[in-house]
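Each chain gets a letter, A, B and so on, in the order its sequence line appears, and its residues count up from 1. Computed over heavy atoms, backbone and side chain alike; hydrogens, waters and symmetry mates excluded.
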Amino acid sequence: MAVDKQLALKLLKQMMEIRQFEDKIMELLARNIAEGGSHLYAGMEAVAVGAISVLRPDDYITSTHRGHGHAIAKDGDLKALMAEILGKKTGVCKGKGGSLHLADVSKGNLGANGVVGGSIGMATGAALSVKMRKTNQVVVCFFGDGATNQGIFYESLNIAALWKLPVVYVCENNFYGMSVSVKRASAVEDLSRKALAFDMPAETVNGMDVLAVREAVGRRVEEARNQFQPSLVVANTYRYYGHSRSDPRVYRTREEEKFWKERDPIPNFASRMIEQGVLIEQEVTELEEQVRQSIEEATRYAIDSPWPEPEELYTDLYA
Amino acid sequence: MAVDKQLALKLLKQMMEIRQFEDKIMELLARNIAEGGSHLYAGMEAVAVGAISVLRPDDYITSTHRGHGHAIAKDGDLKALMAEILGKKTGVCKGKGGSLHLADVSKGNLGANGVVGGSIGMATGAALSVKMRKTNQVVVCFFGDGATNQGIFYESLNIAALWKLPVVYVCENNFYGMSVSVKRASAVEDLSRKALAFDMPAETVNGMDVLAVREAVGRRVEEARNQFQPSLVVANTYRYYGHSRSDPRVYRTREEEKFWKERDPIPNFASRMIEQGVLIEQEVTELEEQVRQSIEEATRYAIDSPWPEPEELYTDLYA
Amino acid sequence: MREISYRQALNEALNEELVRDQTVFIAGEDVAIYGGAYGVTADLWKKYGDERVKDTPISESAIVGVGLGAALTGMRPVVEIMYIDFIPLALEQINNQAAKIRYMFGGKCTVPLTIRTEGGAGRTLGAHHSQSLESWLIHIPGLKVVMPATPYDAKGLLKSSIRDNNPVVFIEHKMLYNSKGPVPEEEYLIPIGQADIKRQGRDVTVITYSRMVLFSLQAAATLEKEGVSVEVVDLRTLLPMDIDTIVASVRKTHRVLIVEEDCKTGGTGAEIGMLIMEHAFDELDAPVKRLAGADVPMPKSPVLEKLAIPDPERICQAIREVLQ
Amino acid sequence: MREISYRQALNEALNEELVRDQTVFIAGEDVAIYGGAYGVTADLWKKYGDERVKDTPISESAIVGVGLGAALTGMRPVVEIMYIDFIPLALEQINNQAAKIRYMFGGKCTVPLTIRTEGGAGRTLGAHHSQSLESWLIHIPGLKVVMPATPYDAKGLLKSSIRDNNPVVFIEHKMLYNSKGPVPEEEYLIPIGQADIKRQGRDVTVITYSRMVLFSLQAAATLEKEGVSVEVVDLRTLLPMDIDTIVASVRKTHRVLIVEEDCKTGGTGAEIGMLIMEHAFDELDAPVKRLAGADVPMPKSPVLEKLAIPDPERICQAIREVLQ
Ligand SMILES: Cc1ncc(C[n+]2csc(CCOP(=O)(O)OP(=O)(O)O)c2C)c(N)n1
Ligand SMILES: Cc1ncc(C[n+]2csc(CCOP(=O)(O)OP(=O)(O)O)c2C)c(N)n1
Ligand SMILES: [Mg+2]
Ligand SMILES: [Mg+2]
């Protein structure tokens with residue numbers, strides 16, 4: 001797949017935004033400016049960015065407990081996202097959702113989810129809806145390797161395959177569900193095999209390579225859009241931080257972490273683009289700096305934003 | 001597999017018991033002596049009888065909403081079962097369970113279940129228990145084709161395959177879950193494919209042939225017992241009556257019903273045994289009469305049995 | 001006015017809303033070809049086909065999840081969970097997702113999802129087909145819970161539920177499907193959240209809902225002969241609860257019996273009683289009393305099942321106790 | 001006496017029961033290598049290995065199902081559901097199967113299954129990690145529900161839960177794991193079903209449980225300075241409920257505030273209040289009052305989360321209202 005400069009810059013920028021956003025949140029957590037849990041997406045950027053890059057603005061995604069990356073890639077506003085994570089009134093969910101519930105239905109992001117597997121049914125229903133409404137939209141449903149052991153994962157894939165729904169299930173296989181490795185949690189290590197139970201097309205892709213993800217998901221999205229063919233794409237990737245702030249990562253080795261960090265999706269993509277003459281070094285450096293500034297701005301905005309008013313405790317419950 | 005006379009008589013007798021038991025219940029329902037729902041096993045006898053015939057008395061089974069056949073085959077007492085279905089004090093569950101909850105843990109029957117898929121987790125846990133207690137027992141878990149669309153089915157098979165538990169999952173595929181055909185409910189028609197998601201051995205067997213079921217489940221039970229190898233056996237079969245009393249069976253044709261009734265497991269097995277010289281005609285006729293008498297006796301016993309005392313409403317809740 | 005059954009009333013409501021709004025569709029186990037386990041969706045599949053009346057696999061959790069996803073994105077689904085006993089299979093999706101999503105997302109979406117189910121004892125089906133779990137559902141902020149007792153209420157409330165932009169759990173009762181009552185030919189709606197005084201009375205208020213309304217009316221008729229005037233308040237909606245109507249009745253009679261079929265501990269009756277304590281304590285001439293289902297799984301045996309839930313006779317007796 | 005944390009107390013209870021009874025084992029998500037999301041099972045895997053301390057897949061429904069099957073057949077499992085918010089995923093297995101099986105089978109089996117979970121707000125984790133759903137669980141006949149507030153109670157009650165031959169849901173509180181308190185070195189048990197008067201008082205009774213015990217004790221200390229003598233009853237077990245202790249306290253003080261963190265409508269407080277109405281109406285000098293969580297999904301924002309659950313100050317204020 002040929003990549004032009006504009007696309008290369010877009011992909012690179014989004015991945016940098018996610019990485020720096022997550023690094024910033026780690027910092028804010030350490031400084032007790034951000035409170036509560038935050039499951040960070042750093043390391044996995046190529047999956048969200050590659051997959052969402054093939055979507056139309058009106059296509060839908062559903063996300064996970066590790067949802068910052070998806071939200072940013074689905075045209076999320078950095079300020080509103082950062083403010084949401086701090087629980088501010090200016091947050092994309094008015095401070096009521098937080099990291100675990102980042103959502104922006106107007107942009108087709110049906111939301112992060114605190115429940116592992118919790119949005120797989122919803123994604124399937126959105127796909128039914130677009131098919132019934134004949135809008136030609138597609139749904140991309142993100143979830144982790146751990147989520148493939150939840151009942152609703154199977155129930156949903158069965159329905160999608162049976163009813164021929166335009167949904168692409170993207171499994172972000174980072175080899176662990178919290179501390180439990182895929183080997184210790186799943187009878188099959190090759191998670192794409194789970195689609196065999198539903199005669200659903202499936203494949204595994206290098207989730208550290210944004211173009212590989214883009215290519216695979218792009219193909220699947222077109223099948224979904226044009227033939228109502230659902231599919232499963234397993235993207236092998238890695239999370240850099242612990243599962244959550246307090247995780248000492250005893251369940252994995254530092255060698256393994258090193259192995260994956262050597263495959264970092266951002267510098268690898270950048271140098272490939274430079275090698276191929278699509279970008280030049282300076283553009284990359286400038287982009288990085290530009291992203292740094294927008295993250296700083298978003299952070300300042302979020303920190304300076306007001307808290308929700310006490311009355312807001314009771315608003316937004318019923319329509 | 002060679003079949004001696006004793007075995008042939010045992011298999012035939014149990015199948016006849018089940019058939020006549022179910023026919024009797026249909027009669028009792030029509031006469032309003034039995035109340036409530038009853039999902040009848042008639043037509044499917046070869047599955048329960050064939051599968052359970054390979055078990056030791058201390059092996060476990062879990063059953064379904066269509067559980068009379070399993071209970072009888074697992075050495076159930078006809079009187080206590082019939083009394084239970086009528087809700088009598090002398091029932092195997094003291095009249096508290098009824099048709100949907102027939103159970104006899106002392107005989108290794110962990111119970112019928114009103115919830116489709118409701119006992120698949122339990123069967124898996126019993127298999128974990130016997131493995132931990134090193135008792136060399138095996139668990140056979142029965143459920144219908146419809147149950148293979150329930151989340152807990154997949155969650156449980158994954159755990160059994162992952163932990164290598166001595167359990168054989170026997171799917172009674174009678175091609176309908178209530179009114180919904182397998183074609184309309186499952187993305188795969190060949191239900192054994194669902195085991196592929198867990199790299200679990202699976203096969204399909206003619207569920208109208210008691211010896212075929214016996215052979216297949218027998219092999220799988222030995223693998224479970226000796227190698228802790230779980231497996232899935234799909235037995236294709238048919239239920240003769242409607243799903244429940246009130247079902248007009250509009251979702252299937254009379255031709256289809258005829259097709260399957262021509263493959264009736266009882267006369268077919270009987271004539272095969274006669275052909276092979278294992279049994280003679282007269283033995284079959286005598287057996288049928290003997291079974292008739294025991295069903296009559298059980299019915300009389302159940303009808304004549306007292307109702308539970310009012311105080312019993314509150315007993316047996318906590319240990 | 002013509003009399004039709006509760007089943008028929010529900011069927012008409014579904015049919016009318018399917019005609020009225022192209023975004024309405026039905027999905028659930030055996031709702032299409034079979035017409036629903038209790039016949040509520042009869043003939044709709046013949047009219048509207050698989051496209052709008054969908055048989056689903058036996059996948060309760062995904063049934064609600066799929067309904068929710070469709071509701072979030074422009075449809076107005078009516079999904080069915082065949083028995084309330086199977087609601088727990090879908091409760092994660094109901095409680096964590098459908099009911100909370102609007103609030104969690106800062107009010108930036110709506111969830112016009114109706115979940116039809118049925119509950120109650122009476123058919124000697126045993127512990128997995130006889131429960132009344134509504135008290136779990138009233139404990140879910142963001143949800144509405146509707147439980148009609150008559151064909152008239154059933155029709156008007158089901159139509160309102162479908163048109164509501166919030167998730168509604170609509171709970172029918174298996175022993176009411178054949179019961180008949182007047183239902184107008186012309187269209188009408190009954191607002192969610194309004195109780196209905198099914199019988200005016202002076203001496204004591206019975207607060208109840210669903211099938212127990214019928215039993216309570218029978219008891220009231222019996223007691224009338226003894227000169228006791230019983231007011232019967234049919235809640236119709238359990239969440240939000242119509243506290244105004246309750247309090248007004250308490251102000252009038254000063255004595256209250258709550259009748260519920262669900263088992264007592266942690267039941268809806270506790271909430272009703274406590275609300276009365278909070279809003280009308282000084283009006284009470286006697287403690288509010290509960291008559292509820294026994295705190296046991298529903299036994300199969302017909303003799304025990306009858307004892308496990310209130311009946312008109314025991315309601316009479318409980319009213320007499322409240323009057324002492 | 002030595003002081004240890006609630007977490008440590010739970011860990012000791014588990015360890016002691018693993019030593020004592022070979023049929024005890026632990027299973028749940030991240031309970032082994034990780035030692036539990038909140039560290040309660042720390043080091044047990046190192047001691048007992050995969051055989052007795054089992055990491056499971058993220059399969060809440062099967063976790064309980066597997067525990068139940070093992071419990072029915074000779075084992076004494078302790079399974080963990082990481083957050084009470086995920087209990088709904090397993091509620092079919094808890095409600096329909098584990099709690100009902102003994103009764104449905106005519107008393108011919110036992111289910112010595114402990115389900116550990118944790119609940120409550122306070123870490124600004126939002127609506128999916130902050131719930132208190134205990135009122136659902138007290139509505140399940142056949143179950144026991146335990147909710148300790150102190151390290152001492154946590155240890156003694158967890159050991160009793162594991163030894164109990166009935167299914168027990170044991171609910172910890174995320175904000176208590178680091179709290180410390182005296183716990184004897186020698187073995188002890190605390191019987192399930194007994195409330196504990198954590199502070200004697202004359203003027204008003206506060207009935208509460210779990211973290212709200214600590215807040216209520218703070219409020220009582222504050223009010224003491226104003227000359228108000230507050231009795232704090234810690235229920236410890238919610239099912240069965242210790243009505244005798246409750247009534248005895250009401251007889252003494254004649255005024256009651258119920259404090260619960262769970263959202264109000266359909267909460268456990270309703271049941272407690274209604275029980276008091278039924279058992280001690282004539283003893284009441286004022287209506288029983290509830291101070292409970294707001295009827296909303298838990299908002300993420302720290303400022304809103306604090307408002308959504310009771311705190312010592314609002315408890316003081318509510319007590320003052322009850323005293324008026
Ligand atoms: C139903 C449910 N069970 C448990 C948890 C606690 N939990 C949060 S994230 C997580 C691991 C999820 O693993 P995976 O799906 O692989 O996603 P990853 O975190 O690796 O991105 C667990 C167990 C949860 N949130 N929901
Ligand atoms: C969880 C659940 N959903 C729905 C039902 C209602 N129901 C009872 S039996 C049945 C069909 C079951 O089909 P299958 O598993 O194929 O078994 P069969 O009846 O064909 O033997 C249904 C939908 C139920 N009992 N439990
Ligand atoms: Mg993972
Ligand atoms: Mg079937």
Side-chain angles (χ1 to χ4, degrees), chain A residues 115-122 124 127-128 143-167 169 171 173 177 180-202 204 228-232 234, chain B residues 115-122 124 127-128 143-167 169 171 173 177 180-202 204 228-232 234:
Chain A
V115 178
V116 169
S119 51
I120 306 181
M122 222 184 290
T124 310
L128 172 64
F143 49 87
D145 47 282
T148 70
N149 300 314
Q150 274 288 2
I152 198 167
F153 165 75
Y154 300 93
E155 292 185 0
S156 300
L157 264 67
N158 180 52
I159 289 176
L162 182 70
W163 291 353
K164 294 264 168 216
L165 301 181
V167 49
Y169 297 98
C171 175
N173 178 19
V180 184
S181 64
V182 169
K183 274 190 231 283
R184 281 172 68 83
S186 172
V188 292
E189 278 189 65
D190 173 1
L191 299 177
S192 73
R193 289 181 62 82
K194 299 197 177 187
L196 291 172
F198 313 103
D199 260 348
M200 184 186 282
T204 301
F228 297 117
Q229 175 61 62
S231 55
L232 170 65
V234 178
Chain B
V115 178
V116 169
S119 52
I120 306 180
M122 221 183 291
T124 310
L128 173 63
F143 49 87
D145 47 283
T148 70
N149 299 315
Q150 274 288 0
I152 198 168
F153 164 75
Y154 300 93
E155 293 186 358
S156 299
L157 263 67
N158 181 51
I159 289 176
L162 182 69
W163 290 353
K164 294 263 167 215
L165 301 181
V167 50
Y169 297 98
C171 175
N173 177 18
V180 184
S181 64
V182 168
K183 274 190 229 286
R184 281 171 68 83
S186 172
V188 292
E189 278 191 65
D190 173 0
L191 300 176
S192 73
R193 289 181 63 82
K194 300 198 176 186
L196 290 172
F198 314 104
D199 261 349
M200 184 187 281
T204 301
F228 297 117
Q229 175 62 60
S231 55
L232 170 64
V234 178

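Heavy atoms closer than 4.5 Å to chain A are found in the backbone of B/Ala185, but not in its side chain. Looking at A/Lys183, the atoms closer than 4.5 Å to chain B (heavy atoms on both sides) all sit in the backbone: N, CA, C or O.
Aromatic ring orientation, A/Phe198 versus B/Tyr154: tilted (interplanar angle from 30° to 60°).
Ranked by non-hydrogen atom pairs under 4.5 Å with chain B, the options A/Leu162, A/Val188, A/Leu196, A/Ile159 are led by A/Leu162.
Using a distance-only test at 3.5 Å, with no hydrogens or angles considered, no donor-acceptor pair links the side chain of A/Asn158 to the main chain of B/Ser186.
The CD atom of B/Gln150 sits 11.0 Å away from the CD1 atom of A/Ile152 when rounded to the nearest 0.5 Å.
Smallest separation of non-hydrogen atoms from B/Glu155 and A/Gly151: OE2-N, 2.7 Å.
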